[in-house]
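The figures here come from the full heavy-atom set of this structure, side chains too, leaving out hydrogens, waters and symmetry mates. Chain A is the first sequence line, chain B the second, and so forth, proteins listed ahead of strands; every chain is numbered from 1.
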Amino acid sequence: MAGAGVIDEYVGDLARRLRGPAHVKADLLAEARDSLDDAADSYRDTGLSTEDAERRAVGEFGPLAVVAPGYQAELAAAHAATMLRTVMLLIPLTYVLWELNRMFWIGPWTAFDQGPTPSWYVFVSQGNGYVPWIITGIAGASLAAGRLLSRRGVSGSTLSRLGGLVAAGCVGLGIAFNLSVVIGTAALDAPRLLMPAPVLLAGVWFYVVFIRVGVLARRCLVLSAV
Amino acid sequence: MKSDALRGHLDALLLATLDDGELHGYAIIEALQRRSGGALDLPTGTVYPALRRLERAGHVASEWSTVAGRKRRTYRLTGAGRRALSDERAAWREFTTAIEGVLGGGPWPEQA
């Protein structure tokens, strides 16, 4: 095994330049470290000193300016894929939990007292029920599209940017429909919004999830621009 | 051979090194250098992100394993990777046949 020194410094510099999911970064760096150690070992076997062997191994690995962008692109892509999987599972799960909560504490929705339900309200309330499943479909389709685009040579940075934009669009869609229902309900029958605390908390949690996804989407754009 | 000339073919070259079985990253680099007679002059640090890109595309799969007493990430071709390699080889043969037909016959005869 090669000793500490030149390789340690190189891997440390590479680590400081890279940003992204910690476990993926650690995995990439461990592999880079193994490769440098293998190369240094083979040069030491030819009679080079440890320091010269490590310098040669690092030289062959390539300047950080050449090597780091490829690693960063993979970190950005890994972050985007994890985010899309999170969106695909967490948003419908959050919606189902809210619906179960509502059915337990409130029961089935009743008709408005002041007459027939306006068609626009039917549209936004039914749409609000479909949105989580539409978002799940979009996230799943985006993951599949990411694999196809990867086969066509699209870079990890570009995929990360696309993933971030898709997730941001999903957040916007979800919040737009949810707010429409809340505002519409307030206009038609405001007391109906005074729900039991567990249902209100589940509603707040829905927004926490959307905001979290928004933060992850922004991070996609940041990581792809490092 | 300079890295710029290689970049467009790197994915196919990596797939070809895995055609005989799974290899860890450094062994892939050694195989590339050995099979090219040392002509492939590529920063080895660019190979690992390329392998991850191929994994992202579903052309290779990888896992950590212990090789010669050291933990290493080893890569193997998937079914999609084998099909991609086959397509790359067919495209390369077509390309080299066409170029050979133009460049490989020596100077063109002077026209009368």
Report which part of [X] has an atom under 4.5 Å of a heavy atom belonging to chain B: side chain, backbone, both, or neither.
{"X": "Ala30(A)", "answer": "both"}
{"X": "Ala68(A)", "answer": "neither"}
{"X": "Ser155(A)", "answer": "backbone"}
{"X": "Leu75(A)", "answer": "neither"}

Decide if atom [atom1] of [X] counts as having more than 12 heavy atoms of other residues, nucleotides or ligands within a radius under 6.0 Å.
{"X": "Trp205(A)", "atom1": "CH2", "result": "no"}
{"X": "Arg19(A)", "atom1": "CZ", "result": "no"}
{"X": "Phe104(A)", "atom1": "CZ", "result": "no"}

I need the minimum non-hydrogen distance between [X] and [Y], along with the two atoms involved.
{"X": "Val67(A)", "Y": "Gly45(B)", "answer": "CG1-O, 3.6 Å"}
{"X": "Phe61(A)", "Y": "Thr44(B)", "answer": "CA-OG1, 3.0 Å"}
{"X": "Pro43(B)", "Y": "Gly62(A)", "answer": "CB-CA, 3.9 Å"}
{"X": "Glu31(A)", "Y": "Tyr48(B)", "answer": "CD-CD2, 3.3 Å"}
{"X": "Arg56(B)", "Y": "Glu74(A)", "answer": "NH2-OE2, 2.6 Å"}
{"X": "Ala57(B)", "Y": "Arg151(A)", "answer": "O-NE, 2.5 Å"}

Where on Glu30(B) is there a heavy atom nearer than 4.5 Å to chain A: the side chain, the backbone, both, or neither?
->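 When you check distances to chain A, no heavy atom of Glu30(B) falls under 4.5 Å.
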Can you tell me how far the CZ atom of Arg53(B) sits from the CG atom of Leu159(A), to the nearest 0.5 Å?
->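 It comes to 11.0 Å.
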Got a second to check how far Tyr26(B)'s OH is from Asp37(A)'s CG, nearest 0.5 Å?
->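 Taking OH in Tyr26(B) and CG in Asp37(A), the distance rounds to 11.0 Å.
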Do NZ/NE/NH1/NH2 and the carboxylate oxygens of Arg73(B) and Asp34(A) come within less than 4.0 Å?
->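 Salt bridge absent between Arg73(B) and Asp34(A).
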Heavy-atom side-chain contact between Ile29(B) and Glu60(A) under 4.5 Å |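 Not touching, per the 4.5 Å side-chain cut-off.
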With chain A, which of Ala80(B), Gly58(B), Gly25(B) has the greatest number of heavy-atom pairs at distances under 4.5 Å?
->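 It is Gly58(B).
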